[in-house]
Visitor: 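Just dropping this structure here.
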Amino acid sequence: MRIGEVARRAGVSVRALRYYEEQDLLRAERSSGGQRRYPDSAVDRVQLIQQLYAAGLPSRSVREVLRSVYAGTVEPGLLDRLESERARITTRITELLAARDRLDGVIATTRNPPPACARGRAPGGPARSAAHG
């Protein structure tokens with residue numbers, strides 16, 4: 001598969017694929033004309049790389065994870081680091097869910113203010129603050 005097709009199917013730029021090659025995360029064969037040719041499995045690999053980067057893993061860790069996934073073995077110490085990364089991601093998810101819930105509350109209150117909030121507004125104007133009331 002040519003580089004443009006892999007990029008399109010995986011939803012990344014050609015530049016990203018070249019970067020992954022530079023980081024030794026992705027390999028391509030070269031045609032006699034020098035064009036990159038990727039195996040069909042490259043799309044899934046690129047999507048996994050994207051997920052690992054989105055989770056905040058550095059290139060070194062992504063490289064180790066890829067080796068383990070495709071070799072079926074885990075390098076010493078990697079499992080502990082992955083568990084640590086998983087815990088960090090779980091904490092971040094919890095923080096993001098709390099932030100989303102707060103935003104939902106602000107949106108709901110803004111769209112449907114309780115009667116006590118409506119009394120503090122001038123007709124057709126913004127709410128008055130207690131200090132200027």
Side-chain angles (χ1 to χ4, degrees):
M1 192 178 325
R2 292 173 52 169
I3 192 167
E5 186 175 355
V6 174
R8 182 182 54 76
R9 285 186 178 185
V12 300
S13 67
V14 167
R15 182 176 175 194
L17 296 178
R18 289 184 185 126
Y19 174 77
Y20 297 158
E21 283 187 54
E22 289 172 12
Q23 296 300 309
D24 197 27
L25 303 174
L26 184 64
R27 289 198 177 99
E29 299 289 325
R30 295 289 183 147
S31 70
S32 59
Q35 292 183 331
R36 290 174 171 87
R37 301 294 293 179
Y38 296 91
D40 291 341
S41 61
V43 174
D44 288 333
R45 187 177 181 102
V46 169
Q47 290 171 337
L48 176 56
I49 293 167
Q50 288 282 291
Q51 289 171 331
L52 295 171
Y53 273 138
L57 273 70
S59 293
R60 180 184 67 105
S61 295
V62 172
R63 197 171 20 262
E64 290 175 330
V65 169
L66 291 173
R67 272 195 294 256
S68 296
V69 166
Y70 293 102
T73 61
V74 178
E75 296 178 19
L78 178 60
L79 193 55
D80 289 339
R81 286 197 309 277
L82 291 178
E83 287 173 344
S84 175
E85 286 296 330
R86 186 183 190 288
R88 182 190 59 76
I89 291 166
T90 299
T91 298
R92 187 68 181 130
I93 289 169
T94 301
E95 292 168 350
L96 288 169
L97 288 171
R100 185 193 64 190
D101 290 346
R102 291 284 301 263
L103 284 174
D104 286 347
V106 169
I107 291 166
T109 301
T110 302
R111 289 193 178 176
N112 300 307
C117 290
R119 285 194 306 252
R121 290 180 196 230
R128 294 181 302 202
S129 72
H132 296 96

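The figures here come from the full heavy-atom set of this structure, side chains too, leaving out hydrogens, waters and symmetry mates. The structure displayed is predicted, hence computed values, not measured ones.
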Visitor: Quick check for you: to the nearest 0.5 Å, what is the distance between Tyr19 atom OH and Tyr53 atom OH?
Guide: 4.0 Å
Visitor: Would a 4.5 Å heavy-atom cut-off, applied to side chains only, mark Ser68 and Thr73 as touching?
Guide: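 Of all side-chain heavy-atom pairs linking Thr73 with Ser68, none is under 4.5 Å.
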Visitor: Arg18 versus Ile3: any side-chain heavy-atom pair under 4.5 Å?
Guide: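 The answer is yes; the side chains approach within 4.5 Å.
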Visitor: Any donor-acceptor pair under 3.5 Å linking the side chain of Ser61 with the backbone of Leu57?
Guide: no
Visitor: Under the salt bridge (Lys or Arg N to Asp or Glu O under 4.0 Å) criterion, do Arg86 and Glu83 qualify, and how do the steps go?
Guide: CA-CA 5 Å; Arg86 186 183 190 288; Glu83 287 173 344; over 6 Å; no
Visitor: Rounded to the nearest 0.5 Å, what's the gap from CD1 on Ile107 to CG on Asn112? Could you check?
Guide: 12.0 Å
Visitor: Keeping the roles fixed (side chain from Ser84, backbone from Asp80), state whether a donor-acceptor pair exists under 3.5 Å.
Guide: no
Visitor: Looking at side-chain heavy atoms only, is the closest gap between Gln35 and Arg2 below 4.5 Å?
Guide: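 Heavy-atom side-chain distance check passes, below 4.5 Å.
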Visitor: Check Arg27 with Glu21, please: is the shortest side-chain N to carboxylate O separation under 4.0 Å?
Guide: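 Salt bridge between Glu21 and Arg27, a charged N being under 4.0 Å from a carboxylate O: no.
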Visitor: Check this for me, if you would: do Glu5 and Arg9 make a salt bridge, where the nitrogen-to-carboxylate-oxygen distance has to be below 4.0 angstrom?
Guide: yes
Visitor: Evaluate the criterion side chain to side chain contact (heavy atoms under 4.5 Å, CB included) for residue pair Val43 and Met1; output intermediate values, then yes/no.
Guide: CA-CA 10 Å; Val43 174; Met1 192 178 325; 4.1 Å; yes
Visitor: Nearest 0.5 angstrom please: Ile89 CD1 to Leu96 CG, how far?
Guide: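 One finds 11.5 Å between CD1 of Ile89 and CG of Leu96.
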Visitor: Quick check: closest heavy atoms across Val62 and Leu52, and the distance to 0.1 Å?
Guide: CG2-CB, 3.7 Å
Visitor: Start with the C-alpha gap between Arg81 and Glu64, add the side-chain angles, then the distance that decides, and say whether salt bridge (Lys or Arg N to Asp or Glu O under 4.0 Å) holds.
Guide: CA-CA 10 Å; Arg81 286 197 309 277; Glu64 290 175 330; 2.3 Å; yes
Visitor: What residues, two or more places apart in sequence or in another chain, satisfy side chain to side chain contact (heavy atoms under 4.5 Å, CB included) together with Asp104?
Guide: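 Side chain to side chain contact (heavy atoms under 4.5 Å, CB included) check on Asp104 returns Arg100, Asp101.
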Visitor: Please report the interatomic distance CZ(Arg36) to CZ(Arg30), rounded to the nearest 0.5 Å.
Guide: 4.0 Å
Visitor: For residues Val46 and Ala10, report the shortest heavy-atom separation together with the two atoms involved.
Guide: CG1-CB, 3.6 Å
Visitor: Minimum heavy-atom separation for Pro113 to Thr110, with atom names?
Guide: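 Closest pair (atom of Pro113, atom of Thr110, distance): CD-O, 3.7 Å.
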Visitor: Working to the nearest 0.5 Å, report the span between CZ of Arg63 and CD1 of Ile49.
Guide: 10.5 Å
Visitor: Are the side chain of Ser59 and the backbone N or O of Gln23 linked by a donor-acceptor pair below 3.5 Å?
Guide: no
Visitor: Taking CD in Glu29 as the centre, count heavy atoms belonging to other residues, nucleotides or ligands within less than 6.0 Å. Is the count above 12?
Guide: no
Visitor: Has Arg45 got a side-chain atom pairing as donor or acceptor with Leu25's backbone, closer than 3.5 angstrom?
Guide: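 Yes, Arg45 side chain to Leu25 backbone: donor-acceptor pair under 3.5 Å.
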Visitor: So does Arg92 pair up with Glu95, basic N to acidic O under 4.0 Å?
Guide: yes
Visitor: How long is the span from the CZ atom in Arg8 to the OG atom in Ser13, to the nearest 0.5 Å?
Guide: 15.0 Å
Visitor: Before giving the answer on side chain to side chain contact (heavy atoms under 4.5 Å, CB included), spell out for Tyr38 and Leu26 the whole-Å C-alpha distance, their side-chain angles and the decisive distance to 0.1 Å.
Guide: CA-CA 9 Å; Tyr38 296 91; Leu26 184 64; 3.6 Å; yes
